[in-house]
Amino acid sequence: MNTREMFKRAVAGGYAIPAFNFNTMEQMQAIVQAAVETKSPVIMQVSKGARNYANATILRYMAEGAVAYAKELGCEHPEIVLHLDHGDSFELCKDCIDMGFSSVMYDGSSLPYEENIRISRQVVEYAHKYDVTVECELGVLAGVEDEVVAEESHYTKPEEVIDFATRTGCDSLAISIGTSHGAYKFKPEQCTRDPKTGKLVPPPLAFDVLAEIEKKLPGFPIVLHGSSSVPQDEVDTINKFGGNLPDAVGIPEEQLRKASKSAVCKINIDSDSRLAMTAAIRQYLAEHPDHFDPRQYLKPARENMKKMYIHKIVNVLGSDGKLAQC
Ligand code: G3H
Ligand code: 13P
Ligand code: ZN
(Lines give C-alpha, C1' and ligand atoms only; values in the text may rest on other atoms or scores of the structure.)
(Ligands and ions follow the chains in the order given, each with its own letter.)
Protein backbone atom coordinates (compact mmCIF):
# COMPACT_ATOMS: atom_id res chain seq x y z
CA MET A 1 0.00 0.00 0.00
CA ASN A 2 1.06 3.62 -0.39
CA THR A 3 1.45 6.04 2.53
CA ARG A 4 -1.58 8.30 2.00
CA GLU A 5 -4.12 6.86 4.46
CA MET A 6 -1.41 5.67 6.82
CA PHE A 7 -0.03 9.20 7.21
CA LYS A 8 -3.47 10.79 7.55
CA ARG A 9 -4.22 8.51 10.50
CA ALA A 10 -0.77 9.01 12.03
CA VAL A 11 -0.99 12.81 11.93
CA ALA A 12 -4.50 12.76 13.41
CA GLY A 13 -3.57 10.14 16.00
CA GLY A 14 -0.32 11.75 17.20
CA TYR A 15 2.03 8.88 16.38
CA ALA A 16 4.63 8.15 13.70
CA ILE A 17 5.06 5.25 11.28
CA PRO A 18 8.45 3.50 11.56
CA ALA A 19 10.51 3.53 8.37
CA PHE A 20 13.16 0.86 8.73
CA ASN A 21 15.82 0.27 6.06
CA PHE A 22 16.52 -3.27 4.96
CA ASN A 23 19.37 -4.84 3.01
CA THR A 24 19.24 -8.43 4.22
CA MET A 25 16.74 -11.23 4.80
CA GLU A 26 17.32 -11.10 8.57
CA GLN A 27 16.43 -7.38 8.70
CA MET A 28 13.30 -8.04 6.66
CA GLN A 29 12.23 -10.91 8.92
CA ALA A 30 12.86 -8.92 12.09
CA ILE A 31 10.90 -5.92 10.76
CA VAL A 32 7.91 -8.07 9.79
CA GLN A 33 7.92 -10.02 13.06
CA ALA A 34 8.08 -6.78 15.06
CA ALA A 35 5.29 -5.13 13.03
CA VAL A 36 3.04 -8.19 13.32
CA GLU A 37 3.60 -8.67 17.06
CA THR A 38 2.85 -5.02 17.78
CA LYS A 39 0.07 -4.70 15.16
CA SER A 40 1.89 -1.72 13.65
CA PRO A 41 1.89 -0.35 10.11
CA VAL A 42 5.45 -0.25 8.78
CA ILE A 43 7.49 1.25 5.95
CA MET A 44 10.25 -0.99 4.62
CA GLN A 45 12.72 1.17 2.78
CA VAL A 46 15.43 0.45 0.28
CA SER A 47 18.28 2.83 -0.49
CA LYS A 48 20.34 3.02 -3.67
CA GLY A 49 23.14 1.42 -1.65
CA ALA A 50 20.81 -1.44 -0.67
CA ARG A 51 19.94 -2.03 -4.33
CA ASN A 52 23.63 -2.10 -5.20
CA TYR A 53 24.36 -4.50 -2.34
CA ALA A 54 21.48 -6.95 -2.56
CA ASN A 55 20.11 -6.49 -6.10
CA ALA A 56 16.96 -4.48 -6.81
CA THR A 57 14.90 -7.44 -8.02
CA ILE A 58 15.72 -9.52 -4.97
CA LEU A 59 14.73 -6.70 -2.60
CA ARG A 60 11.48 -6.10 -4.47
CA TYR A 61 10.49 -9.76 -4.16
CA MET A 62 11.65 -9.84 -0.54
CA ALA A 63 9.16 -7.05 0.16
CA GLU A 64 6.43 -9.01 -1.58
CA GLY A 65 7.49 -11.99 0.55
CA ALA A 66 7.26 -9.76 3.62
CA VAL A 67 3.53 -9.24 3.03
CA ALA A 68 2.95 -12.98 2.59
CA TYR A 69 5.10 -13.67 5.68
CA ALA A 70 3.09 -11.19 7.79
CA LYS A 71 -0.10 -13.02 6.80
CA GLU A 72 1.50 -16.36 7.61
CA LEU A 73 2.37 -14.98 11.05
CA GLY A 74 -1.33 -14.36 11.65
CA CYS A 75 -1.82 -10.75 10.55
CA GLU A 76 -4.72 -10.82 8.10
CA HIS A 77 -4.44 -7.18 6.98
CA PRO A 78 -0.79 -6.10 7.24
CA GLU A 79 0.03 -2.51 6.27
CA ILE A 80 3.43 -2.58 4.61
CA VAL A 81 4.84 0.09 2.31
CA LEU A 82 7.79 -0.58 0.02
CA HIS A 83 9.58 2.75 -0.20
CA LEU A 84 12.65 4.03 -2.06
CA ASP A 85 14.88 5.92 0.38
CA HIS A 86 16.88 8.91 -0.95
CA GLY A 87 16.19 8.49 -4.65
CA ASP A 88 18.70 10.80 -6.29
CA SER A 89 17.29 10.98 -9.84
CA PHE A 90 14.02 10.81 -11.74
CA GLU A 91 15.30 7.64 -13.44
CA LEU A 92 15.90 5.81 -10.16
CA CYS A 93 12.46 6.79 -8.86
CA LYS A 94 10.85 5.70 -12.14
CA ASP A 95 12.66 2.36 -12.03
CA CYS A 96 11.30 1.68 -8.52
CA ILE A 97 7.78 2.77 -9.48
CA ASP A 98 7.90 0.52 -12.56
CA MET A 99 9.05 -2.34 -10.30
CA GLY A 100 6.07 -2.04 -7.99
CA PHE A 101 7.26 0.19 -5.13
CA SER A 102 4.26 1.84 -3.46
CA SER A 103 6.19 4.95 -2.35
CA VAL A 104 9.37 6.76 -3.35
CA MET A 105 11.51 9.55 -2.00
CA TYR A 106 13.09 12.00 -4.37
CA ASP A 107 15.87 13.75 -2.47
CA GLY A 108 16.86 16.95 -4.24
CA SER A 109 17.81 18.67 -1.01
CA SER A 110 21.38 19.30 -2.11
CA LEU A 111 20.26 20.98 -5.36
CA PRO A 112 19.39 24.65 -5.87
CA TYR A 113 15.78 25.31 -4.77
CA GLU A 114 14.26 25.64 -8.27
CA GLU A 115 16.05 22.51 -9.52
CA ASN A 116 14.81 20.54 -6.49
CA ILE A 117 11.25 21.68 -7.30
CA ARG A 118 11.57 20.84 -11.00
CA ILE A 119 12.71 17.24 -10.54
CA SER A 120 10.46 16.64 -7.51
CA ARG A 121 7.49 17.73 -9.64
CA GLN A 122 8.56 15.41 -12.46
CA VAL A 123 8.72 12.45 -10.03
CA VAL A 124 5.34 13.34 -8.48
CA GLU A 125 3.65 13.55 -11.90
CA TYR A 126 4.93 10.13 -12.90
CA ALA A 127 4.31 8.50 -9.49
CA HIS A 128 0.74 9.72 -9.12
CA LYS A 129 -0.24 8.07 -12.40
CA TYR A 130 0.38 4.77 -10.59
CA ASP A 131 -0.98 5.85 -7.19
CA VAL A 132 2.54 5.85 -5.76
CA THR A 133 3.14 8.43 -3.03
CA VAL A 134 6.18 10.72 -3.06
CA GLU A 135 8.33 12.13 -0.26
CA CYS A 136 10.52 15.14 -1.08
CA GLU A 137 13.10 16.96 1.00
CA LEU A 138 13.82 20.56 1.83
CA GLY A 139 16.76 21.51 4.04
CA VAL A 140 20.03 19.61 4.38
CA LEU A 141 20.94 16.93 6.93
CA ALA A 142 24.57 16.49 7.89
CA GLY A 143 26.11 13.03 7.70
CA VAL A 144 28.22 10.82 5.52
CA GLU A 145 26.99 7.51 4.13
CA ASP A 146 27.31 5.57 0.91
CA GLU A 147 24.92 7.73 -1.06
CA VAL A 148 24.18 10.61 1.29
CA VAL A 149 26.98 13.07 1.89
CA ALA A 150 26.80 16.52 3.47
CA GLU A 151 29.32 18.20 5.73
CA GLU A 152 26.90 20.60 7.39
CA SER A 153 23.21 20.71 8.06
CA HIS A 154 20.93 23.59 7.08
CA TYR A 155 17.56 23.76 8.77
CA THR A 156 14.49 23.80 6.54
CA LYS A 157 13.32 27.38 6.02
CA PRO A 158 9.66 27.57 7.12
CA GLU A 159 9.04 30.42 4.68
CA GLU A 160 9.72 28.05 1.75
CA VAL A 161 7.52 25.08 2.66
CA ILE A 162 4.15 26.26 1.29
CA ASP A 163 5.65 27.16 -2.08
CA PHE A 164 7.62 23.88 -2.19
CA ALA A 165 4.73 21.60 -1.23
CA THR A 166 2.30 23.37 -3.57
CA ARG A 167 4.55 23.45 -6.62
CA THR A 168 5.89 19.91 -6.26
CA GLY A 169 2.59 18.30 -5.25
CA CYS A 170 4.54 15.98 -2.92
CA ASP A 171 2.66 13.80 -0.44
CA SER A 172 5.07 14.27 2.45
CA LEU A 173 7.99 16.51 3.27
CA ALA A 174 11.29 15.51 4.87
CA ILE A 175 12.70 18.39 6.89
CA SER A 176 15.95 19.26 8.61
CA ILE A 177 15.66 20.25 12.28
CA GLY A 178 18.94 18.91 13.64
CA THR A 179 18.85 15.16 12.98
CA SER A 180 21.58 13.67 10.80
CA HIS A 181 22.55 10.35 9.27
CA GLY A 182 24.81 7.71 10.76
CA ALA A 183 26.09 6.83 14.25
CA TYR A 184 28.03 10.08 14.73
CA LYS A 185 25.30 12.68 14.57
CA PHE A 186 27.13 15.36 16.47
CA LYS A 187 30.75 16.29 16.93
CA PRO A 188 31.86 16.18 20.59
CA GLU A 189 32.23 19.98 20.53
CA GLN A 190 28.52 20.33 19.68
CA CYS A 191 27.57 18.32 22.80
CA THR A 192 27.91 18.66 26.53
CA ARG A 193 29.17 15.78 28.71
CA ASP A 194 27.12 14.16 31.45
CA PRO A 195 29.39 14.61 34.49
CA LYS A 196 28.23 11.29 36.02
CA THR A 197 28.62 8.97 33.02
CA GLY A 198 31.05 10.94 30.88
CA LYS A 199 28.73 10.29 27.91
CA LEU A 200 27.99 12.96 25.31
CA VAL A 201 24.66 14.79 25.57
CA PRO A 202 23.55 16.10 22.15
CA PRO A 203 21.92 19.49 21.52
CA PRO A 204 18.09 19.44 21.28
CA LEU A 205 16.23 19.31 17.97
CA ALA A 206 14.87 22.60 16.61
CA PHE A 207 11.26 22.16 17.73
CA ASP A 208 10.65 25.85 17.07
CA VAL A 209 11.38 25.28 13.35
CA LEU A 210 9.07 22.25 13.35
CA ALA A 211 6.30 24.31 14.97
CA GLU A 212 6.72 27.05 12.34
CA ILE A 213 6.49 24.49 9.54
CA GLU A 214 3.35 22.95 11.06
CA LYS A 215 1.79 26.38 11.27
CA LYS A 216 2.45 26.97 7.56
CA LEU A 217 1.25 23.51 6.46
CA PRO A 218 -1.37 22.38 8.99
CA GLY A 219 -1.79 18.60 8.99
CA PHE A 220 0.74 18.05 6.18
CA PRO A 221 2.78 14.82 6.69
CA ILE A 222 6.30 15.61 7.88
CA VAL A 223 9.20 13.14 7.80
CA LEU A 224 12.31 12.95 9.98
CA HIS A 225 15.41 11.29 8.58
CA GLY A 226 18.52 10.49 10.60
CA SER A 227 16.53 9.46 13.66
CA SER A 228 18.55 6.65 15.15
CA SER A 229 19.22 7.01 18.85
CA VAL A 230 22.53 5.08 18.80
CA PRO A 231 21.76 3.04 21.96
CA GLN A 232 24.73 3.16 24.30
CA ASP A 233 24.32 -0.47 25.40
CA GLU A 234 24.79 -1.63 21.78
CA VAL A 235 27.77 0.70 21.32
CA ASP A 236 29.27 -0.60 24.58
CA THR A 237 28.80 -4.24 23.47
CA ILE A 238 30.43 -3.50 20.12
CA ASN A 239 33.37 -1.81 21.82
CA LYS A 240 33.68 -4.56 24.47
CA PHE A 241 33.94 -7.29 21.82
CA GLY A 242 36.57 -5.75 19.59
CA GLY A 243 34.78 -2.80 17.97
CA ASN A 244 35.89 0.81 17.99
CA LEU A 245 33.07 3.34 18.02
CA PRO A 246 34.24 6.09 20.34
CA ASP A 247 31.79 8.90 21.08
CA ALA A 248 29.00 7.60 18.82
CA VAL A 249 25.91 9.67 19.58
CA GLY A 250 22.30 9.77 18.33
CA ILE A 251 18.97 11.51 18.87
CA PRO A 252 17.54 11.02 22.39
CA GLU A 253 14.37 8.95 22.26
CA GLU A 254 12.31 11.43 24.33
CA GLN A 255 12.79 13.95 21.53
CA LEU A 256 11.56 11.51 18.91
CA ARG A 257 8.60 10.66 21.16
CA LYS A 258 7.77 14.35 21.30
CA ALA A 259 8.14 14.75 17.51
CA SER A 260 5.88 11.71 16.91
CA LYS A 261 3.02 13.52 18.60
CA SER A 262 3.24 16.38 16.06
CA ALA A 263 2.74 16.29 12.27
CA VAL A 264 5.88 14.15 12.06
CA CYS A 265 4.34 10.92 10.81
CA LYS A 266 7.36 8.99 9.44
CA ILE A 267 10.61 8.46 11.34
CA ASN A 268 13.60 6.88 9.58
CA ILE A 269 15.79 4.45 11.48
CA ASP A 270 18.67 2.55 9.92
CA SER A 271 21.85 2.95 11.99
CA ASP A 272 20.22 1.46 15.13
CA SER A 273 19.52 -1.72 13.18
CA ARG A 274 23.13 -1.84 12.02
CA LEU A 275 24.32 -1.40 15.61
CA ALA A 276 21.94 -4.06 16.98
CA MET A 277 23.07 -6.54 14.33
CA THR A 278 26.79 -5.82 14.75
CA ALA A 279 26.66 -5.94 18.56
CA ALA A 280 24.95 -9.35 18.57
CA ILE A 281 27.31 -10.82 15.96
CA ARG A 282 30.45 -9.49 17.68
CA GLN A 283 29.33 -10.84 21.05
CA TYR A 284 28.31 -14.22 19.63
CA LEU A 285 31.53 -14.77 17.72
CA ALA A 286 33.68 -13.65 20.67
CA GLU A 287 31.87 -16.09 22.95
CA HIS A 288 31.80 -18.97 20.43
CA PRO A 289 35.15 -18.86 18.65
CA ASP A 290 34.67 -22.38 17.29
CA HIS A 291 31.36 -21.63 15.50
CA PHE A 292 31.30 -20.85 11.80
CA ASP A 293 27.73 -21.49 10.61
CA PRO A 294 26.23 -18.06 9.74
CA ARG A 295 22.84 -19.22 11.03
CA GLN A 296 24.33 -19.50 14.50
CA TYR A 297 25.31 -15.84 14.71
CA LEU A 298 22.61 -14.36 12.45
CA LYS A 299 19.88 -15.80 14.68
CA PRO A 300 20.79 -13.71 17.76
CA ALA A 301 21.42 -10.76 15.42
CA ARG A 302 17.87 -11.07 14.07
CA GLU A 303 16.48 -11.38 17.62
CA ASN A 304 18.36 -8.29 18.74
CA MET A 305 17.10 -6.23 15.78
CA LYS A 306 13.54 -7.42 16.42
CA LYS A 307 13.80 -6.35 20.08
CA MET A 308 15.01 -2.91 18.96
CA TYR A 309 12.23 -2.52 16.34
CA ILE A 310 9.56 -3.46 18.91
CA HIS A 311 11.01 -0.97 21.40
CA LYS A 312 10.89 1.84 18.82
CA ILE A 313 7.33 1.01 17.77
CA VAL A 314 5.94 0.75 21.29
CA ASN A 315 8.02 3.17 23.36
CA VAL A 316 9.14 5.82 20.89
CA LEU A 317 6.86 6.14 17.83
CA GLY A 318 3.61 4.89 19.36
CA SER A 319 2.42 3.08 16.22
CA ASP A 320 1.54 -0.17 18.03
CA GLY A 321 -2.08 -1.30 17.68
CA LYS A 322 -2.65 1.17 14.83
CA LEU A 323 -3.57 -1.21 12.00
CA ALA A 324 -6.90 -0.23 10.46
CA GLN A 325 -7.96 -3.89 10.59
CA CYS A 326 -6.22 -6.68 12.50
O1 G3H B 1 19.78 7.57 4.95
C2 G3H B 1 20.37 6.64 4.43
C3 G3H B 1 20.16 5.25 4.90
O4 G3H B 1 20.65 5.06 6.20
C5 G3H B 1 20.70 4.28 3.91
O6 G3H B 1 22.07 4.23 3.96
O7 G3H B 1 22.83 4.52 1.61
O8 G3H B 1 24.25 3.35 3.32
O9 G3H B 1 22.16 2.25 2.44
P10 G3H B 1 22.89 3.55 2.73
P1 13P C 1 19.90 6.93 10.73
O2 13P C 1 21.28 6.89 10.16
O3 13P C 1 19.81 7.90 11.88
O4 13P C 1 19.39 5.59 11.12
O5 13P C 1 18.92 7.52 9.61
C6 13P C 1 18.38 6.68 8.63
C7 13P C 1 17.72 7.43 7.53
O8 13P C 1 17.46 8.60 7.58
C9 13P C 1 17.38 6.66 6.33
O10 13P C 1 16.90 7.47 5.30
ZN1 ZN D 1 17.72 9.47 5.35
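Start at 1 and go down the list; that is how both ligands and their atoms are numbered. As a basis for the values below, the full set of heavy atoms in this structure was taken, side chains included, without hydrogen atoms, waters or symmetry mates. Numbering of residues begins at 1 and proceeds along the displayed sequence.
Contact atoms of ligand 2 toward His86: 10 (O) (distance under 4.0 Å to a heavy atom of the residue). Each of the following atoms of ligand 2 lies closer than 4.0 Å to a heavy atom of Asn21: 9 (C). Taking a cut-off of under 4.0 Å to the non-hydrogen atoms of Ser47, the atoms of ligand 1 that pass are 5 (C), 7 (O), 9 (O), 10 (P). Within ligand 2, the atoms closer than 4.0 Å to a non-hydrogen atom of Ile269 are 4 (O), numbered from 1 in the order shown. Close approach to Ser271 involves these atoms of ligand 2, each under 4.0 Å from a residue heavy atom: 1 (P), 2 (O), 4 (O). Less than 4.0 angstrom separates some heavy atom of His225 from each of these atoms of ligand 2: 8 (O), 10 (O).
When heavy-atom distances to ligand 1 are checked against a 4.0 Å cut-off, Met105 has no atom that comes that close, whether in backbone or side chain. In Ala183, neither the side chain nor the backbone holds a heavy atom less than 4.0 Å from any atom of ligand 2. At a heavy-atom cutoff of 4.0 Å, ligand 1 is contacted by no atom of Asn268, backbone or side chain. Looking at His86 against ligand 1, only its side chain comes within 4.0 Å, counting heavy atoms.
In terms of polar-atom proximity, Asn23 is not counted as a contact of ligand 1, lacking any N or O under 3.5 Å from an N or O of the ligand. Residue His225 has no N or O atom closer than 3.5 Å to an N or O atom of ligand 1. Annotation: Asn21 places no N or O atom under 3.5 Å from an N or O atom of ligand 1; distance criterion only.
The side chain to side chain contact (heavy atoms under 4.5 Å, CB included) test with Ser103 is passed by exactly one of Thr3, Ile43, Val134, Leu84: Thr3. With respect to His86, the side chain to side chain donor-acceptor pair (under 3.5 Å) criterion is satisfied by exactly one of Gln45, His181, Glu135, Lys48: His181.
The ring pair (Phe, Tyr, Trp, His ring centres under 6.0 Å) test applied to His288 returns Tyr284, His291, not counting sequence neighbours. Remark: Ser229 pairs with Lys312 by the side chain to side chain donor-acceptor pair (under 3.5 Å) rule, at least two apart or across chains.
Under the 4.5 Å side-chain heavy-atom criterion for grouping Ile, Leu, Val, Met, Phe, Trp and Tyr, Ile117 is connected to Ile213 within one hydrophobic cluster. Under the 4.5 Å side-chain heavy-atom criterion for ILVMFWY residues, no single connected hydrophobic cluster contains both Ile238 and Ile269.
When you scan the N, O or S atoms of His225 for the one nearest the Zn ion (ligand 3), you land on ND1. Nearest N/O/S atom of His86 relative to the Zn ion (ligand 3): this is NE2.
For atom 3 (O) of ligand 2, the candidate residues are Lys185, His181, Arg274, Lys266; the nearest heavy-atom contact is made by Lys185. When the heavy-atom distances from atom 4 (O) of ligand 1 to Ile269, Asp107, Asp270, Asp85 are ranked, the shortest goes to Asp270.
Between Tyr309 and Phe20, the angle of the ring planes lies from 30° to 60°, which puts this pair in the tilted group.
Judged purely by distance below 3.5 Å, without hydrogens or angles, the side chains of Gln283 and Glu287 pair a donor atom with an acceptor atom. There is no side-chain donor-acceptor pair under 3.5 Å between Ser120 and Thr168.
With hydrogens and angles disregarded, no donor-acceptor distance shorter than 3.5 Å links the side chain of Lys185 to the backbone of Gly250. At least one donor-acceptor pair closer than 3.5 Å links the side chain of Ser262 to the backbone N or O of Ala259.
Using a 4.0 Å cutoff on heavy atoms, Arg51 does not count as a contact of ligand 1. Using a non-hydrogen distance threshold of 4.0 Å, Met105 does not register as a contact of ligand 2.
Sparse packing is recorded around OH of Tyr61, with 12 or fewer heavy atoms of other residues, nucleotides or ligands lying under 6.0 Å away.
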